[in-house]
Amino acid sequence: MPSLHLALFLETTGCHYAGWRMPSSEPVPHPADFRQLKALALQAEQAKFDLVFMADKLSVDDIYGDHFSEAVTHRVTERPDPFSVLSALSSVTEKIGLAGTISSSFASPFAAARTLATLDHLSRGRAGWNVVTSTSGSEAKNFGVPLLSHDQRYLKADAFIEAVFRLWDSWEADAIVGDRLKGIYADASKIHYADISNAWFTVQGPLNLSRAPQGRPVTIQAGGSGAFTELAAQRADAIFASEKPSLAAAQAYYANIKTKVVNYGRAADSLKVLPGLQPVIGTTQKEADELLAELTRLHHPLATLTHLSNTMDYDWSQHALDEPMPDILAHLSRRERFAPMLEHAREQGMTLREFTKWIARSGFIVAGTAESIAERIALWYRQRAVDGFVIMPPWPGAAEVFFNKVVPLLQERGIFREEYESDTLRGHLGL
């Protein structure tokens with residue numbers, strides 16, 4: 001069986017809404033503190049992770065109420081540019097993959113292709129990108145364009161990925177000759193115009209940078225809609241899937257998307273399924289439960305609601321926190337994604353305040369000992385529910401516990417590498 005794959009969600013302040021508030025002797029780290037980012041990346045590399053990944057958002061959330069004050073007050077909203085950070089990390093790491101987010105709704109295919117190719121050259125073949133469509137009207141306003149509909153965003157994303165691929169392919173692998181005696185630097189017959197012209201983009205090309213070491217840096221997608229799944233099955237090398245509520249549900253999702261991949265004429269293993277996992281690790285189950293309880297106690301309801309308002313494009317400020325959950329599904333454009341959580345909350349008779357706590361604790365979070373978490377990861381992997389996980393440390397310092405306690409147990413079980421066998425991200429992922 002191929003190796004389990006592990007990615008680290010690179011976040012200095014933790015991935016939980018309240019992670020930055022967990023008690024510590026250290027000051028709250030800044031999201032762009034390179035010392036912290038470097039330390040996390042080097043620890044992940046020492047643990048033989050496949051890659052580190054940086055998310056991105058191109059605005060602060062401002063849909064909740066009349067202003068963004070609540071959003072910036074109760075949770076971390078700063079986002080350093082991922083590829084500036086990853087380029088710096090390429091100089092202090094040797095093996096680990098380096099992936100960041102690019103929005104197909106607002107980026108230029110030429111600029112994105114060049115950024116990724118540059119990182120791939122700098123890192124000698126360790127670059128990856130997470131293609132997102134962006135869902136926030138605030139992001140659209142920062143680029144002076146209207147927010148496209150859900151269907152339009154995915155049509156544009158498909159055209160965007162195709163354009164980037166064609167730009168990467170505009171240089172053949174052996175185009176650089178480098179013959180000093182003859183004065184021939186490159187073979188012009190192996191450099192081609194991209195000639196991209198469609199409803200979304202017109203790009204002549206070629207890229208003004210030779211072919212990247214990986215050819216095409218690793219393409220990742222994250223999302224949950226039907227349109228997203230189809231696009232990922234056709235184009236992506238890895239999918240950051242939302243974690244399912246049970247092993248059976250995860251197995252069904254895994255089998256379904258692998259079937260879609262095959263239906264597009266690809267090998268099933270050419271797309272890696274990597275859901276998120278926030279591990280809360282204690283020396284005993286009781287300690288892990290207490291840590292999770294503390295995290296829940298520190299959670300502010302508006303940290304969730306300001307985020308959900310922008311994600312759902314719906315202003316939750318019009319509802320009181322201690323009233324029953326309202327029925328808002330008819331007002332949402334992306335009902336497929338949000339219907340299960342909203343219907344569950346109403347069925348359980350939750351108030352809006354209780355709903356925010358449930359959201360903060362559900363899905364990604366698993367509390368347990370290192371042994372129980374390692375066993376859960378191994379079970380889901382062996383039972384063909386996942387190809388690996390994106391580890392999302394809930395608070396600063398939590399990653400180190402996973403590296404030191406859980407990874408050795410996965411190695412003992414024979415499902416995770418003890419040494420890198422490749423120098424590239426594609427190689428780590430078995431692509």
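We count residues from 1, following the sequence as given. All heavy atoms count here, side chains included; hydrogens, waters and symmetry mates do not.
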With sequence neighbours excluded, tell me which residues meet ring pair (Phe, Tyr, Trp, His ring centres under 6.0 Å) with [X].
{"X": "Y420", "value": "H428"}
{"X": "F403", "value": "F49"}
{"X": "Y17", "value": "H299, H307"}
{"X": "F201", "value": "F160"}

Apply side chain to side chain donor-acceptor pair (under 3.5 Å) to [X] and list each qualifying residue two or more places apart in sequence or on a separate chain.
{"X": "H344", "answer": "none"}
{"X": "T219", "answer": "W129"}
{"X": "D81", "answer": "S84"}

Between the side chains of [Y] and [X], is the shortest nitrogen-to-carboxylate-oxygen separation below 4.0 Å, so that they form an ion pair?
{"X": "R216", "Y": "D169", "value": "yes"}
{"X": "E230", "Y": "R235", "value": "no"}
{"X": "K190", "Y": "D174", "value": "yes"}

Is it the case that the side chain of [X] and the backbone of [Y] share a donor-acceptor pair, with hydrogens and angles ignored and the cut-off at 3.5 Å?
{"X": "K272", "Y": "D387", "result": "no"}
{"X": "D423", "Y": "R124", "result": "no"}
{"X": "R153", "Y": "L147", "result": "no"}
{"X": "S104", "Y": "V132", "result": "yes"}
{"X": "E45", "Y": "I96", "result": "yes"}

- Output all residues satisfying side-chain contact (heavy atoms from CB on, under 4.5 Å) with W20, sequence neighbours left out; order by chain, then residue number.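 Result, side-chain contact (heavy atoms from CB on, under 4.5 Å) vs W20: T13, V28, V76.
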- Test side-chain contact (heavy atoms from CB on, under 4.5 Å) applied to S210 - qualifying residues, sequence neighbours left out: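 Expected list: H121, W171, I176.
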- Query: Which pair of heavy atoms, one from V261 and one from A267, lies closest together, and at what distance?
  - Reply: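 The answer is CG1-O, 3.3 Å.
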- For residues 239-276, pull every pair meeting ring pair (Phe, Tyr, Trp, His ring centres under 6.0 Å), keeping only residues two or more places apart or in separate chains.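 The answer is F53-F240.
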- Query: How would you list, by chain and number, every residue that makes a salt bridge (charged side-chain N to carboxylate O under 4.0 Å, His left out) with R353, sequence neighbours excluded?
  - Reply: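 Salt bridge (charged side-chain N to carboxylate O under 4.0 Å, His left out) check on R353 returns D322.
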- Please collect all salt bridge (charged side-chain N to carboxylate O under 4.0 Å, His left out) contacts where either partner lies in residues 96-112, sequence neighbours excluded, each pair once.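 Every candidate salt bridge (charged side-chain N to carboxylate O under 4.0 Å, His left out) pair involving residues 96-112 fails, so no pair, neighbours aside, qualifies.
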- Query: Will you find, in the side chains of E172 and H192, an N or O donor that is under 3.5 Å from an N or O acceptor?
  - Reply: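 There is such a pair (donor and acceptor under 3.5 Å, judged by atom type) between the side chains of E172 and H192.
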- Scan R75, H74, H300 and name whichever one has a side chain to side chain donor-acceptor pair (under 3.5 Å) with T306.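 Of all the options given, the one that passes is R75.
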